[in-house]
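Counting from 1, the numbers follow the sequence of the chain as shown. Ligands are counted one by one from 1 in listed order, and the atoms in each one are counted from 1 as well. Note: hydrogens, waters and symmetry copies are ignored here, and every other heavy atom, side chains too, is used.
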Amino acid sequence: MIELTPVSPDFVAEVAGLDLNTPLTPDDARALRAAMDQYAVLVIPDQPLTEERQVAVAQLFGPLEISVGASVYNAHRPRRLNHAELSDISNLDESGGILDAGDIRRLINLSNQLWHTDSSFKRTPASISMLSAQEIPPVGGATEFADMRAAWDALDSAMQARLAPLVAIHDYFHSRGLTGFDTAGIPAAWREMQPPVPQVLVRTHAATGRRSLYLASHISAIRDMADDESRALVDQLMAFATQPRFVYRHRWRVNDLVLWDNRCTMHRGAGFDEKYRRSMRRATVQDAGPTVVA
Ligand code: OGA
Ligand code: MN
C-alpha cells in the first residue's frame, strides 16, 4: 500500500511504500494515478530504475512521447540514452563527459530553466512527466514547480472570464530564442518538424474537472491579439502564476523519481555550476489529444 505525505493540502506529496522495480499491484497503480490527479506533483525517493524500468513505469499513465532530442536536433548523432522515449536532462555527452558550453544539446536544454510545461509545443501535448535523478550537483540544480490550478483559482472572476476563451500559440523555438539560442540558424527541417501550435490558455483537467492556467515560455503569441498586448498579458500571467505561494522547490537526491502533471503545473530548473555533473532522464506521457480542435 502506498503512503502519501502531502507537502501542502493538494499540491505535492511524497510517496512511500512503493518499490517501482517490482510490478505494481492494480491497487497501487490506481492509488498512484489518483494521487497524481490530486497533488499534481509526486516525489518518490529511493527508486533506482534502469531505462527499461523507467519506460515501463511511465507507461502506466499512457503512451510515451518520443523525445525532441531523439527525433529532431540530435536525431542523427549518438545519444547518451538508449531509449528514444527518454529525454536526456543532463549536461553530459554521449560518452558521459561534461558538455562544452557551446554544445547544441546544452544550449537547447538551457530553456528548461525558464518556466514551462513539457511539450505544449506539440499539437497533442504531454500529460505526465517522470524525471529520474542519477547524478546531482553538490549545490544548486533544484527544480521548481508551480500550481496552475491554484493560480487560476486566485484570479478574479473578471480576469477568468477574459482568459477562458483565449488560445495561445506555443513554439519550441520561441523558448530556445529566449535563452540565447541562435534561432536564425535553425534548419528549416527542424522548424517543419516542430511548427508553432495552438493551445487553450485555460484547461479543465480530464479527471478532476479543476481548471488551470496553461502557460509556458513556449508561448509566442495569443491568437487574434496584437503582439504588444499579447506579450504584456502573457508576462503578467507568468508573474502572477509563479508567485512563491504557488511554488514548491524540489532539492534532488540521487534516485529521486518526480512525477508532475503538465496539464496543470509549470516547472523550471534552477541552474547550477556546470563544472558539476547533473544527470537525469525523463519519460513523458502523451495526453489524450490536442487542446484545440480547429
Ligand atoms: C524537464 C525539466 C528541469 C530541470 O525535465 O522537463 O524541465 O531542473 N527539467 O532539469
Ligand atoms: Mn521540462
Side-chain angles (χ1 to χ4, degrees), residues 12 40-44 49 51 54-55 58 61 64-74 79-81 83 85-92 98-99 105-122 125-148 170-176 178-179 181 194 199 214-219 238 241-242 247-274 276-287:
V12 190
V41 178
L42 296 180
V43 176
I44 319 182
L49 299 179
E51 288 190 24
Q54 183 176 356
V55 165
F61 294 90
L64 303 189
E65 290 184 350
I66 299 302
S67 125
V68 182
S71 57
V72 182
Y73 65 87
N74 206 42
R79 295 183 77 227
R80 192 175 69 91
L81 304 178
H83 291 75
E85 296 91 342
L86 295 175
S87 295
D88 190 348
I89 308 295
S90 79
N91 62 339
L92 305 178
I98 293 185
L99 291 172
R105 293 164 286 186
R106 172 179 177 274
L107 296 173
I108 290 265
N109 272 344
L110 268 188
S111 304
N112 285 340
Q113 296 183 15
L114 304 176
W115 284 111
H116 67 283
T117 183
D118 291 333
S119 299
S120 64
F121 48 76
K122 295 184 179 176
S127 54
I128 307 302
S129 286
M130 178 183 276
L131 188 57
S132 164
Q134 266 72 56
E135 291 180 83
I136 52 166
V139 286
T143 307
E144 294 182 310
F145 296 90
D147 186 351
M148 295 299 101
H170 293 238
D171 181 349
Y172 181 78
F173 296 109
H174 178 76
S175 40
R176 308 307 120 175
L178 296 176
T179 46
F181 193 84
Q194 217 61 82
Q199 303 289 359
Y214 195 48
L215 294 173
S217 56
H218 312 310
I219 297 181
M238 276 288 196
T242 57
V247 172
Y248 161 76
R249 168 175 277 236
H250 186 65
R251 293 181 181 78
W252 293 91
R253 298 149 294 192
V254 170
N255 292 330
D256 273 354
L257 187 71
V258 175
L259 288 77
W260 63 87
D261 189 334
N262 289 292
R263 296 167 294 187
C264 58
T265 61
M266 280 200 292
H267 61 280
R268 68 170 176 185
F272 61 102
D273 185 336
E274 292 181 59
Y276 298 121
R277 303 165 65 81
R278 184 173 188 262
S279 170
M280 317 230 193
R281 47 173 137 91
R282 192 187 81 214
T284 317
V285 182
Q286 208 170 48
D287 201 358

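For an aromatic pair to be called close, the ring centres must be under 6.0 Å apart, and His170 with Phe121 fails this. Residues Trp115 and His267 place their aromatic rings such that the two centres sit no closer than 6.0 Å.
Judged as a side chain to side chain donor-acceptor pair (under 3.5 Å), and not counting sequence neighbours, Asn255 has no contacts. Glu51 is linked by a salt bridge (Lys or Arg N to Asp or Glu O under 4.0 Å) to nothing, counting only residues two or more places apart in sequence or in another chain.
Protein residues with a heavy atom closer than 4.0 Å to ligand 1 are Ile89, Asn112, His116, Asp118, Leu131, Ala142, Thr143, Trp260, His267, Gly269, Arg278, Arg282, listed by chain and number.
Put simply, the side chain of Asp171 never gets that close to the backbone of His218: no donor and acceptor are under 3.5 Å apart. Although no hydrogens or angles enter the test, the distance criterion places no donor-acceptor pair under 3.5 Å between the side chain of Asp118 and the main chain of Ser129. At distances below 3.5 Å, not a single donor-acceptor pair connects side-chain atoms of Ser87 with backbone N or O atoms of Ile89.
Under 2.8 Å from the Mn ion (ligand 2), one finds the following protein N/O/S atoms: His116 NE2, Asp118 OD1, His267 NE2.
Atom CZ of Arg251 is surrounded by 12 or fewer heavy atoms from other residues, nucleotides or ligands within 6.0 Å.
The aromatic rings of Trp252 and His250 sit perpendicular to each other, their planes meeting at more than 60°, with 30° as the lower class boundary.
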